[in-house]
Enquirer: 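Quick one: the structure is below, and I'll ask about it shortly.
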Amino acid sequence: QVQLMESGGGSVQSGGSLRLSCAASGNTGSTNSMAWFRRAPEKEREGVAAIGPLNSTRYADSVRGRFIAAQDSDSAKKILFLQMNNLKPEDTGMYYCAASPSRWFPPPLAATAYEYWGQGTQVTVSS
């Protein structure tokens, strides 16, 4: 089993930055591919960024050039990051971390590809 816990959400003005973190615990060997998803009010869940082995990455068109996914791991832990720059009001939503034991180069942005999910952290961007 894998437990994922997100942190770093908050409220910022348009143009600001936030850095989200997702700490993985438990069987971190099952987190070869990880991703960030978000759900805005009254909208469907959307894949934002994914990172896999060899730091291969994939980004949604709406965030490419503004968001950067990164990961830090050792034998005891794994942490997924999402650096969000030049934030826009349309970036508002609940952000979720997800993980899969599969090794994709790079991982997909489809929610069905991921087995483990965190509880989410809220990001609010005001204009």
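No hydrogens, no waters, no symmetry mates; every other heavy atom, side chains included, goes into these values. Quick caveat: nothing in here was measured; it's all calculated off a predicted structure.
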Enquirer: Where is the tightest heavy-atom contact between Arg58 and Pro107, given as atom of each residue plus distance?
Expert: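 Scanning both residues completely, I find the closest heavy atoms to be NE-O, 2.7 Å.
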
Enquirer: Just jot down the ring pair (Phe, Tyr, Trp, His ring centres under 6.0 Å) partners of Tyr95, sequence neighbours excluded, or say none.
Expert: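 Testing Tyr95 for ring pair (Phe, Tyr, Trp, His ring centres under 6.0 Å), a comparison that skips the adjacent residues, returns none.
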
Enquirer: List for me each residue that meets side chain to side chain donor-acceptor pair (under 3.5 Å) alongside Gln71, sequence neighbours excluded, and say none if there are none.
Expert: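 Partners of Gln71 by the side chain to side chain donor-acceptor pair (under 3.5 Å) criterion, ordered by chain and then number, come out as Asn55, Lys78.
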
Enquirer: Partners of Arg66 by side chain to side chain donor-acceptor pair (under 3.5 Å), sequence neighbours excluded?
Expert: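 Partners of Arg66 under the side chain to side chain donor-acceptor pair (under 3.5 Å) test: Asp91.
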
Enquirer: Taking Thr28's backbone N and O only, do any of them form a donor-acceptor pair with Thr31's side chain (distance below 3.5 Å, no angle check)?
Expert: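 The answer is yes, because a donor-acceptor pair under 3.5 Å joins these two groups.
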
Enquirer: Quick one: salt bridge (charged side-chain N to carboxylate O under 4.0 Å, His left out) partners of Glu90, sequence neighbours excluded?
Expert: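 Not a single residue meets the salt bridge (charged side-chain N to carboxylate O under 4.0 Å, His left out) criterion with Glu90.
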
Enquirer: State the CZ-OG distance between Phe105 and Ser56, to the nearest 0.5 angstrom.
Expert: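 Going from the CZ atom of Phe105 to the OG atom of Ser56 covers 6.0 Å.
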
Enquirer: Got more than 12 heavy atoms from elsewhere within 6.0 Å of CD, Glu115?
Expert: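 More than 12 heavy atoms, drawn from other residues, nucleotides or ligands, come within 6.0 Å of this atom.
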
Enquirer: Taking the side chain as C-beta and beyond, is there a heavy-atom pair between Leu4 and Met34 under 4.5 Å?
Expert: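 Yes; the side chains approach each other to less than 4.5 Å.
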
Enquirer: Could you give all pairs that pass the disulfide bond (SG atoms under 2.5 Å apart) test and reach residues 3-45, with sequence neighbours left out?
Expert: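 Only Cys22-Cys97 qualify under disulfide bond (SG atoms under 2.5 Å apart).
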
Enquirer: Pairs under 3.5 angstrom only: tabulate donor-acceptor contacts from the side chains of residues 120-127 to other protein residues two or more places apart or in another chain.
Expert:
{"residue": "Thr121", "atom": "OG1", "partner": "Gly9", "partner atom": "N", "Å": "3.1"}
{"residue": "Gln122", "atom": "NE2", "partner": "Gly93", "partner atom": "O", "Å": "3.4"}
{"residue": "Gln122", "atom": "NE2", "partner": "Thr124", "partner atom": "OG1", "Å": "3.4"}
{"residue": "Ser126", "atom": "OG", "partner": "Val12", "partner atom": "O", "Å": "3.4"}

Enquirer: With a 4.5 Å heavy-atom cut-off, do Tyr116 and Ser30 have their side chains touching?
Expert: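 Tyr116 reaches Ser30 side chain to side chain.
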
Enquirer: Under a 4.5 Å side-chain heavy-atom rule over Ile, Leu, Val, Met, Phe, Trp and Tyr, are Val63 and Leu87 clustered together?
Expert: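 Yes, same cluster.
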
Enquirer: Counting N and O atoms only, with roles assigned by atom type, does the side chain of Ser102 sit under 3.5 Å from a partner on the main chain of Trp104, one being a donor and the other an acceptor?
Expert: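 Between the backbone of Trp104 and the side chain of Ser102 there is no qualifying donor-acceptor contact (under 3.5 Å).
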
Enquirer: How long is the span from the CZ atom in Arg19 to the CE atom in Met84, to the nearest 0.5 Å?
Expert: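 So the gap between those two atoms works out to 11.5 Å.
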
Enquirer: For the CE atom on Met94, are there more than 12 heavy atoms of other groups (residues, nucleotides or ligands in this structure) within a distance under 6.0 Å?
Expert: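 Atom CE in Met94 is crowded, with more than 12 foreign heavy atoms closer than 6.0 Å.
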
Enquirer: Counting only pairs under 3.5 Å, give me each side-chain donor-acceptor contact of residues 41-49, with atom names and distances, residues two or more places apart or in other chains.
Expert:
{"residue": "Glu46", "atom": "OE1", "partner": "Arg38", "partner atom": "NE", "Å": "2.8"}
{"residue": "Glu46", "atom": "OE1", "partner": "Arg38", "partner atom": "NH2", "Å": "3.3"}
{"residue": "Glu46", "atom": "OE2", "partner": "Ser62", "partner atom": "OG", "Å": "3.3"}

Enquirer: Find the distance between OG (Ser73) and CD1 (Ile79) and round it off to the nearest 0.5 Å.
Expert: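 The distance works out to 9.5 Å.
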
Enquirer: Check Arg39 against Tyr96 and note the closest heavy-atom contact, atom names and distance.
Expert: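 That closest heavy-atom pairing would be CB-CE1, 4.4 Å.
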
Enquirer: Does anything in residues 27-64 form a disulfide bond (SG atoms under 2.5 Å apart)? List the pairs, not counting sequence neighbours.
Expert: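 Output for this query is empty, none listed.
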
Enquirer: Enumerate the residue pairs fulfilling ring-ring contact (aromatic ring centres under 6.0 Å, His included) with a member in residues 50-73, sequence neighbours excluded, ordered by first and then second residue.
Expert: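 Passing the test, one end in residues 50-73: no pairs.
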
Enquirer: How far apart are the C-alpha atoms of Gln83 and Ser17, what are their side-chain angles, what is the distance that settles it, and do they pass the side chain to side chain contact (heavy atoms under 4.5 Å, CB included) test?
Expert: CA-CA 7 Å; Gln83 177 66 42; Ser17 297; 4.0 Å; yes

Enquirer: So, using side chain to side chain donor-acceptor pair (under 3.5 Å) as the criterion, who are the partners of Asp61 when residues are at least two apart?
Expert: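 For Asp61, the residues satisfying side chain to side chain donor-acceptor pair (under 3.5 Å) (neighbours in sequence not counted) are Arg64.
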
Enquirer: Taking a hydrophobic cluster as the set of Ile, Leu, Val, Met, Phe, Trp and Tyr residues connected by side-chain heavy atoms closer than 4.5 Å, whether directly or through intermediates, do Leu80 and Val2 fall within one such cluster?
Expert: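 Same hydrophobic cluster.
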
Enquirer: Would you give the length of the straight line joining atom CD1 of Ile68 to atom CG of Asn85, rounded to the nearest 0.5 angstrom?
Expert: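 Taking CD1 in Ile68 and CG in Asn85, the distance rounds to 6.0 Å.
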
Enquirer: Quick one: list whatever passes side chain to side chain donor-acceptor pair (under 3.5 Å) with Asn86, sequence neighbours left out.
Expert: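 None.
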
Enquirer: Among residues two or more places apart or on two chains, list those pairs meeting ring-ring contact (aromatic ring centres under 6.0 Å, His included) that have a residue in residues 31-58.
Expert: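 Passing the test, one end in residues 31-58: Phe37-Tyr114, Phe37-Trp117.
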
